[in-house]
Amino acid sequence: MQSIDEPAADPPRPESYEPGSEADFERLYRNTYRRILGTLITIVRDRAVAEDCAQETYERAFRSWSRWRPDAPAEAWLHRIAINVAISDRRRERLRQAGEVIRRLGRPAAGSDPSLAAERSDLLRAMKKLPPKQAAALVLRHYHGYSNREIATALGVPEQTVASRLAAARKQLQAVLGR
Amino acid sequence: MSDNERELELELHRVLDPLTAMPIPPREGRLARGAVRTVLGGAGAAVALKLMTGVAVAAAAVTVAGAATTGSINPLDWGQQVSQHGQAVASDARHHGNGNGNGNGNGNTNGNGSSNAHGNNGNANDHAKDKNKGHTPPTKGDPPSDPEPTDPAIHPTVTVSPQP
């Protein structure tokens, strides 16, 4: 147990990155990829699409990497971009659906990949039915452990908006899942 | 934190952790991917498609016109046909010029005939007629060495210089 006299350990500092540095961007990519992918999976149709969206996210981020200002966490900035990419993808999804049905015709059924089973979970399906911004707030809060303030920074909205989105998302999830 | 929220967190980790536990793929090259998207998508694709359509339509029009005129789809034949046409016109012009020259007693019209051979839209005929002005018309009793071209309107449509 920590002594009262001892100074409290500093919370782990977020990684620092130099804007415009390609090596730092590569490090940012490796440090954040899985978390960005986790957010995207809850918003877009499936993991493959989420991976595409993740790549597009980093592509967009890299284009403005030299203009990024380190006054906000880089991961929050990436999440903001990722959510915008996911929202754009959802808009395109309706157009894709018709072609997807045709492509799947005649294919064998999916195997027993555990990740595919996870994708078919009721929770994930329910989250994909949420408005993208609500789903994003939910996953940032309850999966990544962001505070409402950090989510507000990431999404560029007031904290109150985050709180109301979270409340609405939880309410809808409870209605869908019966919990 | 309520029980519901705790349960939500556990469920999210149970579902998402396996999905995100895979190896991190290499970051896709920005240039390759960007270039492909520029060509295949967006406004670039629309402009490229329009350009390609325009070129294809123009090529088809040229082919149809050439084939309809010469009866052959081989572009080499089109050039040959024009060349032959030009030679025929030149020949007519020479005959025409010689005929007038003989009739007028001067040979200046030969030069005009030559210019027509190069496809100047029948100017040789016109010049030859102009040069007849002020000269004594040919004597009716003298038979011309060559007959006049019967229909000058046949040839003036040739506008392309023959290129062998």
Side-chain angles (χ1 to χ4, degrees), chain A residues 22 25-42 46-48 50-52 54-63 65 92 113-127 135 138-145 166-167 169-171 173-174 177 179, chain B residues 1-68 73 75:
Chain A
E22 189 152 1
F25 191 83
E26 193 64 32
R27 191 158 50 89
L28 174 67
Y29 174 76
R30 299 204 166 278
N31 289 340
T32 57
Y33 179 84
R34 286 197 174 101
R35 292 163 69 82
I36 295 295
L37 183 66
T39 302
L40 287 167
I41 285 173
T42 61
D46 57 30
R47 191 178 65 181
E51 287 170 0
D52 285 348
Q55 291 297 339
E56 189 173 342
T57 297
Y58 286 99
E59 222 179 273
R60 286 192 194 182
F62 188 79
R63 281 201 291 267
W65 179 228
R92 290 193 299 263
D113 184 347
S115 66
L116 288 176
E119 269 189 77
R120 288 194 290 265
S121 84
D122 290 343
L123 174 63
L124 217 49
R125 275 190 290 197
M127 286 187 73
L138 207 64
V139 75
L140 289 173
R141 180 79 178 87
H142 295 294
Y143 182 63
H144 296 311
L166 281 171
R170 288 189 202 115
K171 189 176 176 184
L173 273 187
Q174 281 176 351
L177 298 173
R179 291 173 185 169
Chain B
M1 182 184 290
S2 70
D3 286 346
N4 276 342
E5 291 177 15
R6 196 179 308 278
E7 190 182 346
L8 181 59
E9 283 185 9
L10 289 173
E11 183 71 3
L12 276 172
H13 279 283
R14 190 187 67 77
V15 169
L16 292 179
D17 284 351
L19 288 173
T20 58
M22 57 180 214
I24 298 173
R27 188 163 65 88
E28 288 183 15
R30 64 188 191 284
L31 288 179
R33 195 178 164 98
V36 168
R37 288 196 174 197
T38 304
V39 172
L40 295 182
V47 172
L49 183 64
K50 284 181 181 176
L51 280 173
M52 287 166 62
T53 307
V55 169
V57 168
V62 168
T63 305
V64 168
I73 59 169

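Residue numbers start from 1 in every chain, and the chains themselves are labelled A, B, ... in the order their sequence lines are given, proteins ahead of strands. Note: hydrogens, waters and symmetry copies are ignored here, and every other heavy atom, side chains too, is used.
Taking 4.5 Å as the limit, some side-chain heavy atom of A:Gln174 sits within range of a side-chain heavy atom of B:Asn4. Put simply, the side chain of A:Tyr143 reaches to within 4.5 Å of the side chain of B:His13, judged on heavy atoms.
Within the model, atoms CD1 of B:Ile24 and OG1 of A:Thr32 stand 8.0 Å from one another, a figure rounded to the nearest 0.5 Å. For the atom pair CG (B:Leu8) and CG (A:Leu123), the distance works out to 6.0 Å, reported to the nearest 0.5 Å. Annotation: the span from B:Arg27 atom CZ to A:Tyr29 atom OH amounts to 8.0 Å, rounded to 0.5 Å. In this structure, the separation between CG on A:Asp46 and CG on B:Leu19 is 10.0 Å, given to the nearest 0.5 Å. Here CD of A:Glu51 is found 11.0 Å from OG1 of B:Thr20. Values are rounded to the nearest 0.5 Å. The line from CG of B:Leu12 to OG of A:Ser121 is 8.5 Å long, rounded to the nearest 0.5 Å.
Residues passing the side-chain contact (heavy atoms from CB on, under 4.5 Å) test with A:Ala169 are A:Leu130, A:Gln134, A:Leu138, sequence neighbours excluded. With sequence neighbours left out, A:Ala61 forms a side-chain contact (heavy atoms from CB on, under 4.5 Å) with A:Phe25, A:Trp77, A:Leu78, A:Ile81.
Interface remark: A:Arg30 contributes backbone and side-chain atoms alike to the contact with chain B (heavy atom separation under 4.5 Å). For chain A, the nearby parts of B:Pro25 are the backbone and the side chain; heavy atoms of each come within less than 4.5 Å. Looking at A:Tyr33, the atoms closer than 4.5 Å to chain B (heavy atoms on both sides) all sit in the side chain, from C-beta outward.
Side chain of A:Gln55 to backbone of B:Glu28: a donor-acceptor contact under 3.5 angstrom is found. A donor-acceptor pair under 3.5 Å is formed between the side chain of A:Arg34 and the backbone N or O of B:Met22.
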